[in-house]
Amino acid sequence: MSRESAKVIIWEENQKDFTKKFYDLQFIPRIGEEVYLKKEKWRVTRVEHDLEVNEVNIYLEIIKKAKQDKSSNA
């Protein structure tokens, strides 16, 4: 029994830049889930499944690291 998998395309949410293309993912991440990609953490903002061409588009936003300011002589 052969099963054709959907093409999964990863996009950056704000700039709509193409981040990376994956095929045959074991799972599709959920909205709000964190993904580690290109040595950075991303959060899934939107998932679209186009049934006509069998593609899944996953939109991500980068998770900015909050800088902690060290207060001297507190």
Side-chain angles (χ1 to χ4, degrees):
M1 179 199 240
S2 71
R3 184 176 145 222
E4 187 178 329
S5 61
K7 184 190 301 182
V8 178
I9 304 172
I10 309 289
W11 299 88
E12 187 172 344
E13 178 62 38
N14 294 335
Q15 293 82 15
K16 301 287 189 268
D17 290 334
F18 177 72
T19 304
K20 193 167 184 179
K21 192 177 281 191
F22 288 99
Y23 296 93
D24 193 23
L25 281 184
Q26 292 179 339
F27 65 93
I28 301 297
R30 296 182 178 127
I31 294 173
E33 191 171 342
E34 292 182 3
V35 178
Y36 188 73
L37 178 66
K38 289 189 163 187
K39 299 181 181 178
E40 295 179 302
K41 278 189 160 184
W42 302 80
R43 182 176 296 116
V44 177
T45 57
R46 187 173 57 178
V47 177
E48 297 174 347
H49 191 182
D50 189 344
L51 296 173
E52 289 182 11
V53 292
N54 201 21
E55 284 184 357
V56 177
N57 293 305
I58 300 175
Y59 294 86
L60 306 171
E61 66 179 3
I62 194 160
I63 298 174
K64 305 275 187 203
K65 293 182 181 177
K67 294 182 180 179
Q68 294 180 352
D69 295 331
K70 294 181 180 178
S71 53
S72 59
N73 298 334

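What you are looking at is a predicted structure, and each value in this text was computed from that prediction instead of being measured.
Once rounded to the nearest 0.5 Å, the distance linking CD of Glu61 with CD of Glu12 reads 9.5 Å. In this structure, Leu60 CG and Trp11 CH2 are separated by 12.0 Å, a value rounded to the nearest 0.5 Å. Considering NE2 of His49 and CD1 of Ile58, their distance stands at 10.5 Å, rounded to 0.5 Å.
Closest approach of Glu55 to Ile9, counting heavy atoms only: OE1-CD1, 3.7 Å. Smallest separation of non-hydrogen atoms from Val35 and Pro29: CG2-CB, 4.2 Å.
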